[in-house]
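Written out below as structure tokens is the structure these notes cover.
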Amino acid sequence: EGEQRELTIRVTRILFPMTGVLVLSAWSLGILNSHRYFFLSYFAPVFWNAAMIGTLLFFGSGMSQERLVITLAWGALLGGVLQFAVQLPGVLKLERELKVGWGAKLEGVRETVKNAGPAIMGRGVVQLSGWFDNILASFLAVGALTTLQYAQTFYMLPVSLFGISVAASELPELARQGAARADVLRARASAALERIAFYVIPSVVGYLALGDVAVAALYQRGQFDRGDTLIVYFTLAAFSIGLLATTASRLLSSTFFALRDTKTPARMAMLRVALSAVLATVLMLQFEGVTIGSMTIPAGAFGDVRIDGEPLGPVGVAMGSGIAAWVEWALLKRALKHRVGGVGARMPMLVRMFVAAALAAAVGWGARSVIEGVSPLIQAFVVFGAFGVVYFGAGAVLGLEQSGALFRRFRNLAGRG
């Protein structure tokens, strides 16, 4: 309300053109990926973040918070332009005769327009689900929305790094093989799912077993105390229920895209959003009551469970999102089976990944107990450093291909040195 609302409107007006620039950046990414150029397109967002960080460093000490927010918005807009600008020379080099125009008679244009809506829905499900989660959290106690957003920051990290990135980089190759034999496409998609699982499974286990260490390292300072860390940790753990399903679903959607089918993933995505909203509402109310206007809905079975006197409504919201993610995954997997046969990572490999991650978590717990009392940042560095070394080492011993490839690379580098 009041000045805060006006400030939000003003910042939104500044940021809105940035959305269009980032769309052009994504267009550039699509062209570069289709020519098998991946580094530049995925490195380009560094310029976007660098512009925002530079804005805060340069202007942060001499401005009021309100003025700094506006300046940061301009920095974000500039960063978006930079992200597009660094990719454009590469695009123009690949497409020397590129012209801007509207060719409604071109088959590719007609197909793009036809598939755009379903594709947007299918790809935007994570953002839509997160948006509805935020709406629900706004009805909870003060601080619940912030708690949810803190947890979403960690949750989205493996989704972006391992789910969306692998799905996006695999899409050109899957599309090239879409018209080939079904067994070729199936093998390619299954290998990509296994690659995603290799990184996401330790993320899930790490968040469940040691998530409070990660949260404390990033946030626990100033007014953010141990109680706040635990609330965010439990919310993150609830989100982690659906982390593997969410990342795998991105790859399954890309496989449908390769088959020139964007409608099936869109239908599953809409179902997920609806189911997530229902489940999140029901589970949220089990932890915390809400008041809407003159109507008060009391808390359910877990209303007495609190941390530092604070209810755990955000945990229920996150649980609903995680369960809905598995429903979407199951529906996509079943629908894809009817098209090309069963697609998925090999079960023995998944078991070995979980075993390696469990061993890594046990070592992480041990390291945590040894250095108890040090600063959260140092603790996280030691704990997750040990976690990573043990996971990759155990993976190599257990015969995980990705771990073996990493160690062979290190040996080759050492041999050259």
Side-chain angles (χ1 to χ4, degrees), residues 117-141 144-160 162-164 167 196 200 203-204 207-208 211 231-254 256 262-290 292 297 299-303 311-336:
I120 291 168
M121 176 59 70
R123 283 301 193 208
V125 61
V126 175
Q127 287 75 19
L128 284 173
S129 182
W131 185 57
F132 280 114
D133 289 345
N134 289 339
I135 291 175
L136 290 173
S138 69
F139 290 103
L140 299 175
L145 180 58
T146 304
T147 295
L148 198 71
Q149 290 172 342
Y150 283 149
Q152 285 174 339
T153 299
F154 283 98
Y155 170 72
M156 287 303 299
L157 185 62
V159 172
S160 299
F162 311 127
I164 295 176
I196 290 173
V200 174
S203 300
V204 173
Y207 281 161
L208 291 174
I231 293 175
V232 173
Y233 162 53
F234 285 125
T235 305
L236 174 61
F239 270 129
S240 299
I241 293 172
L243 187 53
L244 185 58
T246 296
T247 50
S249 294
R250 297 316 95 212
L251 194 281
L252 295 177
S253 294
S254 286
F256 275 106
T262 59
K263 293 182 179 179
T264 299
R267 287 197 298 268
M268 307 311 178
M270 289 187 287
L271 180 60
R272 171 185 171 170
V273 172
L275 181 62
S276 177
V278 172
L279 290 175
T281 301
V282 172
L283 294 172
M284 173 185 77
L285 293 173
Q286 300 307 307
F287 289 91
E288 184 176 346
V290 299
I292 305 175
I297 304 175
F302 303 103
L312 299 179
V315 175
V317 175
M319 288 176 63
S321 177
I323 296 171
W326 280 107
V327 173
E328 181 197 21
W329 170 83
L331 293 173
L332 285 170
K333 199 168 186 294
R334 186 179 68 175
L336 192 58

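Atoms considered below: every heavy atom in the structure, side chains included; atoms not considered: hydrogens, waters and symmetry mates. Just so it is clear, the structure is predicted and the values come from calculations on it, not from any experiment.
The distance from the CG atom of L331 to the CZ atom of R272 is 11.5 Å, given to the nearest 0.5 Å. Summarising the geometry, atom OG belonging to S249 is positioned 10.5 Å from atom CE belonging to M268; distances are rounded to the nearest 0.5 Å. Taking CZ of F287 as the start and CG of L140 as the end, the distance is 11.5 Å to the nearest 0.5 Å. Interatomic distance, Y233 OH to S240 OG, rounded to the nearest 0.5 Å: 9.0 Å. Atom OG1 of residue T235 and atom CG of residue L312 lie 7.0 Å apart, to the nearest 0.5 angstrom. Annotation: the span from S138 atom OG to L136 atom CG amounts to 7.5 Å, rounded to 0.5 Å.
Smallest separation of non-hydrogen atoms from T147 and I231: CG2-CG2, 3.5 Å. Contact record, S321 with S276: CA-OG, 3.4 Å, taken as the closest heavy-atom pair. In plain terms, the two heavy atoms of P314 and L148 that are nearest each other are O-CD1, 3.8 Å. Nearest heavy atoms, A280 versus D133: CB-OD1, 4.3 Å. Here the closest non-hydrogen pair linking A325 and A245 is O-CB, 3.6 Å. Closest heavy-atom contact between L252 and L332: CD1-CB, 3.9 Å.
Applying side chain to side chain donor-acceptor pair (under 3.5 Å) to T246 and the options W326, Y155, W329 leaves one that passes, Y155.
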